[in-house]
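Structure, as structure tokens:
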Amino acid sequence: MVSIRRSRIGLVDPSSDHATICYAPWRTGKANAHVNEEHVVERRAEDQPPTVVVIDDDPGVRDSLGKLLVAVGFRVSLLGSVSEFLAADRPGGPACLVLDVRLPGQSGLELQRELAGAERQLPIIFITGHGDIPMSVQAMKGGAIEFLTKPFREQDLLEAIQLGHARDRARLEQERAMADLKVRFETLSPREREVMANVATGRLNKQIAADLGVSEITVKVHRGQVMRKMRASSLPDLARMADQLQLTPPKPHNPGRVA
């Protein structure tokens with residue numbers, strides 16, 4: 001659980017694990033002056049902290065949340081509208097969005113639907129001073145982590161942010177694992193890919209040999225190469241990889257031949 005450490009932004013306790021606290025724009029493109037002043041970036045000595053993106057059109061709320069979140073160790077991006085968010089680059093590492101429901105222009109709920117339609121996964125925590133039950137139901141059905149009504153307890157927000165970061169961290173790890181799996185699969189020859197797809201379905205070497213029109217010993221050699229290149233520890237492990245890659249066995253090269 002994250003504990004709240006009260007501190008003024010820009011002042012660092014030398015005994016703490018926080019190396020520096022500085023103000024900088026979240027994205028490296030064009031940005032207007034007032035947005036630059038409201039982007040807060042904190043760096044740790046050992047690693048980069050998770051990011052919280054706050055979108056609220058009330059400067060007072062943004063300032064208050066920014067101080068709280070920086071004080072507990074998060075990197076923070078403070079924005080006043082959805083358009084500013086859409087114009088910005090997505091931060092690296094785990095992130096979550098603290099989003100006001102009612103905003104000038106595009107609303108928070110509209111942004112939630114847009115992100116879902118574009119398959120841009122980003123955990124969302126809604127905050128609002130004008131919430132009602134239908135609104136909260138809509139937000140939660142859309143996959144929101146939490147729906148908090150202002151004024152809310154700081155600890156409730158921090159707990160929701162922790163959950164959001166945990167979910168986004170798991171997503172990033174899954175994406176990295178999938179990318180690594182695809183890289184390994186690319187090292188297979190066309191024949192080895194055929195053998196992998198067949199082995200993963202539980203077919204025997206002699207059956208695969210008959211389907212592909214090759215000798216059984218050739219299948220055994222390819223199978224060994226597949227296990228090595230894919231770094232599979234067992235056949236169930238290889239089958240799991242094939243399922244993740246959505247492999248399907250090719251049509252038999254010799255459909256009339258019986259194994």
Side-chain angles (χ1 to χ4, degrees), residues 24-41 48-66 69 74-150 152 156-176 178-179 246:
W26 172 36
R27 66 191 295 264
T28 56
K30 58 183 179 179
N32 57 43
H34 80 275
V35 173
N36 284 347
E37 293 173 355
E38 290 177 352
H39 285 73
V40 183
V41 178
Q48 200 173 59
T51 299
V52 181
V53 182
V54 177
I55 306 179
D56 195 301
D57 61 334
D58 187 331
V61 172
R62 291 198 301 272
D63 181 65
S64 176
L65 290 177
L69 298 173
F74 295 126
R75 182 174 53 175
V76 182
S77 173
L78 304 176
L79 305 170
S81 67
V82 171
S83 61
E84 290 178 8
F85 169 78
L86 295 176
D89 297 326
R90 181 166 177 166
C96 71
L97 180 59
V98 176
L99 179 61
D100 194 1
V101 174
R102 296 187 178 181
L103 293 164
Q106 192 172 357
S107 72
L109 291 173
E110 288 172 336
L111 175 60
Q112 182 188 39
R113 288 193 295 269
E114 181 174 335
L115 293 176
E119 297 184 352
R120 289 180 61 187
Q121 298 183 43
L122 188 64
I124 296 176
I125 300 154
F126 278 105
I127 57 175
T128 182
H130 309 281
D132 53 36
I133 294 178
M135 188 184 294
S136 64
V137 170
Q138 181 181 348
M140 299 307 287
K141 282 186 175 181
I145 298 289
E146 184 60 275
F147 191 95
L148 300 174
T149 303
K150 301 173 185 176
F152 48 80
D156 290 340
L157 175 63
L158 293 176
E159 289 176 1
I161 288 173
Q162 280 192 310
L163 178 57
H165 281 152
R167 290 186 182 180
D168 204 44
R169 188 175 291 107
R171 177 190 64 81
L172 290 172
E173 290 175 355
Q174 185 177 17
E175 287 183 354
R176 283 193 291 267
M178 189 64 189
Q246 298 182 335

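Worth knowing before you read on, the calculation uses all heavy atoms, side chains too, and leaves out hydrogens, waters and symmetry mates. Here the structure is a predicted model, which is why all the values come from computation and not from measurement.
Evaluation of the side chain to side chain donor-acceptor pair (under 3.5 Å) rule for D58 yields no partner, not counting sequence neighbours. Take Q121 and apply the side chain to side chain contact (heavy atoms under 4.5 Å, CB included) test, not counting sequence neighbours, and it matches R171. Partners of M140 according to the side chain to side chain contact (heavy atoms under 4.5 Å, CB included) rule, which considers only residues two or more places apart in sequence or in another chain, are A144, F147. Evaluation of the salt bridge (charged side-chain N to carboxylate O under 4.0 Å, His left out) rule for D57 yields no partner, not counting sequence neighbours. The side chain to side chain donor-acceptor pair (under 3.5 Å) check on S81 picks up S83, with sequence neighbours excluded.
Looking only at side-chain heavy atoms (C-beta outward), I125 and L97 stay at 4.5 Å or farther from each other. Looking at L78 and V76, their side chains come closer than 4.5 Å, going by heavy atoms from C-beta outward. Within the 4.5 Å cutoff, the side chain of L148 has no heavy atoms near those of the T128 side chain. For the pair Q162 and L158, the minimum side-chain heavy-atom distance is 4.5 Å or more. In this structure, T51 and F74 have side chains that are not in contact, with every pair of non-hydrogen atoms separated by 4.5 Å or more. Between F126 and I145 there is no side-chain heavy-atom pair separated by less than 4.5 Å. Considering only heavy atoms from C-beta on, L69 comes within 4.5 Å of V54 through its side chain. With contacts defined as side-chain heavy-atom distances shorter than 4.5 Å, the pair L65/L157 qualifies.
Under a cut-off of 6.0 angstrom, the local environment of CD in Q106 is crowded, with over 12 non-hydrogen atoms contributed by other residues, nucleotides or ligands.
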Residues L122, R90; criterion side-chain contact (heavy atoms from CB on, under 4.5 Å); working and verdict: CA-CA 10 Å; L122 188 64; R90 181 166 177 166; 3.4 Å; yes
Evaluate the criterion side-chain contact (heavy atoms from CB on, under 4.5 Å) for residue pair L115 and F85; output intermediate values, then yes/no. CA-CA 11 Å; L115 293 176; F85 169 78; 4.2 Å; yes
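For residues 94-115, the pairs satisfying salt bridge (Lys or Arg N to Asp or Glu O under 4.0 Å) are D100-K150, with sequence neighbours left out.
Summarising the geometry of R167 relative to P123, their closest heavy-atom pair is CB-CG, 4.5 Å, with the distance given to 0.1 Å. In terms of heavy-atom proximity, A139 sits nearest to Q112 at O-NE2, 3.0 Å. Across all their heavy atoms, A160 and E146 have their closest contact at CB-CB, 3.9 Å. In this structure, G80 and R62 approach most closely via the heavy-atom pair CA-NH1, 3.6 Å. Summarising the geometry of P50 relative to R169, their closest heavy-atom pair is CG-NH2, 3.7 Å, with the distance given to 0.1 Å.
Here the options are I55, V101, D56, L99, the test is side chain to side chain contact (heavy atoms under 4.5 Å, CB included), and the partner is I127; only D56 passes.
Between the side chain of S136 and the backbone N or O of I133 there is at least one donor-acceptor pair closer than 3.5 Å.
Interatomic distance, CG of L109 versus CD of Q138, reported as 4.5 Å (0.5 Å rounding).
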